2 protein chains.
Amino acid sequence: MRVSASTRERLIETAERLYARQGMEATSLRSITAAAEANLAAIHYHFGSKEALTEEVFSRRLVPINDERLERLDEVEAAAGESAAPLESILEAFLGPALRRSVDPDYADFIRLMGRMYSEPSAALQALIGRQFEGIIRRFSAALARTLSHLPAAEVHWRFHFCVGSMVHTISDPARIERVSGGLCDPSDVEGTTARLIAFLAAGLKAPATTTGRGEP
Amino acid sequence: MRVSASTRERLIETAERLYARQGMEATSLRSITAAAEANLAAIHYHFGSKEALTEEVFSRRLVPINDERLERLDEVEAAAGESAAPLESILEAFLGPALRRSVDPDYADFIRLMGRMYSEPSAALQALIGRQFEGIIRRFSAALARTLSHLPAAEVHWRFHFCVGSMVHTISDPARIERVSGGLCDPSDVEGTTARLIAFLAAGLKAPATTTGRGEP
DNA sequence: GTCTATATCCTGATAGAC
DNA sequence: GTCTATCAGGATATAGAC
């Protein structure tokens, strides 16, 4: 956080940091303004409400990440030409822009927050997430469906859903894997984590189609 | 919720329901006692604090689920005898006890809450989760490592971590997959969801070992 | 065990001086 | 744009009658 940043910017950056570390509900406007060395009234002057500040925190970061995802997917599909893009490349286009930023000091807090945002009860935030990810889900599902053309569309959606879950769990609390593995796993190795995640998810996506469970008559 | 249940039980059941639907921080003691048709002071009489009530909510449900997981794993390993247990059976032992309960009216709310509990900032809750899952993680990691004996221990931990993420994302909000798939996917088909998840995760677990990304000299 | 009443503190939000 | 002071209400927790 630059000391020379404007009050408005400092408030957004501070809110992001505290949201990521303590949760959004647990973070009061007073704690934000105190940490940002600003006045309590400044939040209402610059944003109007806590909810509006929260929307700024998210849209500011989600837009560049999701734009980069779409750019990468464009490149991947262009490189594949007429044929379907490789799963690993599609996954890299989706995971890379988020995972790579998890070690960028400017982005690390938001990436954790991004892992927790799905669990936030705020209806306004869930609506914003829906808007921000609508295009992403449509484009990536379509790309996956082209490569996995032997699978029903619903199956592709399920598997992409499972992929998102693994990613979210991985970025929401990097220290967790270190704890549960007794120190065996090193979450600071982002390249390694990304490679592992892509290998795992690509294999899952390539799994043979399952019967619905009603089979074997 | 039975009308004849004791005040203490009604408070736990109501807290569970409201926690699952609105989040824990967003749920006040007042809203719990109002919905449970009890007095505000009853919570402090029966539990002493909101935190203590929360611990009751979780330990009451986590213990039977995790006990069943360990029982199923015992059965799976006994059936395998000297050889390593099949991945699909290990996954079924882990996922089944949670997923099956997601359609049990008595358990459905808690299963959703279970999907969100990892994102809760409360240190006391995170400590409880750590205690409740310590044995589970140790036993299942060991079982997976036996079957995946060609993989380094750290890799097994990473992949189990990814499995947990997919499950958590799937159970934390059943309606999400229906929304993002435009109604193509039906989360109420629990047997189908479990089969899909197991097939996806088993394939991921079986993926060839990756180099760390430093490879190809 | 259950109740009323209240203590104490914190929340988001606002009015108005500077 | 930034400040002080304050509002109105909600939060957890407690004391003490019944």
Side-chain angles (χ1 to χ4, degrees), chain A residues 1-58 60 113 117 120-128, chain B residues 1-58 60 113 116 120-128:
Chain A
M1 192 180 68
R2 303 177 299 286
V3 274
S4 59
S6 71
T7 298
R8 188 190 145 88
E9 266 186 89
R10 278 200 335 271
L11 288 171
I12 297 179
E13 290 167 3
T14 307
E16 174 180 273
R17 192 174 69 247
L18 296 181
Y19 283 176
R21 299 186 184 180
Q22 329 174 332
M24 283 169 43
E25 289 253 22
T27 302
S28 68
L29 298 186
R30 278 174 173 79
S31 67
I32 296 170
T33 50
E37 295 180 86
N39 189 274
L40 173 59
I43 287 185
H44 293 93
Y45 174 78
H46 286 287
F47 307 98
S49 69
K50 183 181 183 180
E51 193 173 272
L53 165 61
T54 302
E55 296 206 14
E56 282 291 319
V57 167
F58 280 92
R60 177 180 78 128
L113 181 55
M117 71 184 178
E120 291 290 342
S122 153
L125 178 58
Q126 291 306 320
L128 183 140
Chain B
M1 191 179 68
R2 304 177 298 286
V3 276
S4 60
S6 70
T7 298
R8 188 189 146 88
E9 266 186 89
R10 280 202 330 274
L11 288 171
I12 297 178
E13 289 167 2
T14 306
E16 176 180 272
R17 192 174 69 247
L18 296 182
Y19 283 177
R21 299 185 184 181
Q22 328 175 333
M24 284 170 43
E25 289 253 21
T27 302
S28 68
L29 298 186
R30 278 175 174 79
S31 66
I32 296 170
T33 51
E37 294 180 88
N39 189 276
L40 173 59
I43 286 185
H44 292 93
Y45 174 78
H46 286 288
F47 307 99
S49 69
K50 182 182 183 179
E51 192 173 271
L53 164 61
T54 302
E55 296 207 12
E56 283 290 319
V57 167
F58 279 92
R60 177 180 77 128
L113 182 54
R116 294 172 179 234
E120 290 291 341
S122 153
L125 178 58
Q126 292 306 320
L128 182 140

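Chain naming here is simple, since letters A, B, ... match the order of the sequence lines and numbering starts at 1 in each. Everything quoted here is computed from the prediction, not taken from an experiment.
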Between atom [atom1] in [X] and atom [atom2] in [N], what is the gap in whole Å?
X	N	atom1	atom2	value
Tyr45(B)	dT4(C)	OH	C1'	17 Å
Phe47(A)	dT14(C)	CZ	C1'	18 Å
Lys50(B)	dT14(D)	NZ	P	15 Å
Ile43(A)	dT2(D)	CD1	P	12 Å
His46(A)	dT14(C)	NE2	P	16 Å
Arg10(A)	dG1(D)	CZ	C1'	12 Å
Glu9(B)	dG1(C)	CD	P	12 Å
Leu40(A)	dG12(C)	CG	P	8 Å

For this session: Please round to the nearest 0.5 Å and tell me the distance separating atom CD of Glu55(A) and atom NZ of Lys50(A).
Result: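 These two atoms lie 13.5 Å from each other.
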Problem set entry | Rounded distance [0.5 Å steps], CZ in Phe47(A) versus NE2 in His44(A) |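 It comes to 11.0 Å.
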For this session: Check whether any side-chain N or O of Gln126(A) sits under 3.5 Å from a backbone N or O of Glu120(A) as a donor-acceptor pair, and report yes or no.
Result: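 Pair found, side chain donor or acceptor close to backbone of Glu120(A).
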For this session: Using a 4.0 Å heavy-atom cut-off across all strands, classify Ala41(A) as base, sugar-phosphate, or nothing.
Result: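 Result for Ala41(A) = base.
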Problem set entry | Within-4.5 Å side-chain heavy-atom neighbours: Glu25(A) and Pro121(B) |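 No. Closest side-chain heavy atoms not under 4.5 Å.
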Between [X] and [N], is there a side-chain N or O to OP1/OP2 distance below 4.0 Å?
X	N	answer
Thr7(B)	dT2(C)	yes
His44(B)	dA13(D)	yes
Asn39(A)	dT4(D)	yes

Exercise. Taking all atoms of both residues into account, what is the closest heavy-atom pair of Ile43(B) and Ser49(B), and its distance?
Worked result: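 What the structure gives for the nearest pair is CG2-O, 4.4 Å.
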Exercise. Between Gly23(A) and Thr27(A), which heavy-atom pair has the shortest distance, and what is it?
Worked result: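 Closest pair (atom of Gly23(A), atom of Thr27(A), distance): O-OG1, 2.7 Å.
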Problem set entry | Passing candidate, side chain to side chain contact (heavy atoms under 4.5 Å, CB included) with Met24(A), options Thr54(A), Leu18(A), Val57(A) |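 It is Thr54(A), the one option of Thr54(A), Leu18(A), Val57(A) that forms the side chain to side chain contact (heavy atoms under 4.5 Å, CB included) with Met24(A).
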Problem set entry | Helix axis bend for the helix from dG1(C)-dC18(D) to dC18(C)-dG1(D) - C1'-based end axes, five pairs, 10° rounding |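 The helix from dG1(C)-dC18(D) to dC18(C)-dG1(D) shows an end-to-end axis angle of 0°.
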Exercise. Does anything in residues 19-30 of chain B reach DNA chain C, meaning a heavy atom under 4.0 Å, and if so which residues?
Worked result: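 Per residue number, the list is empty: none.
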Problem set entry | Member of His46(B), Glu13(B), Glu56(B) meeting the side-chain hydrogen bond (donor to acceptor under 3.5 Å, both in side chains) criterion with Arg8(B) |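 When His46(B), Glu13(B), Glu56(B) are each tested with Arg8(B), the side-chain hydrogen bond (donor to acceptor under 3.5 Å, both in side chains) holds only for Glu56(B).
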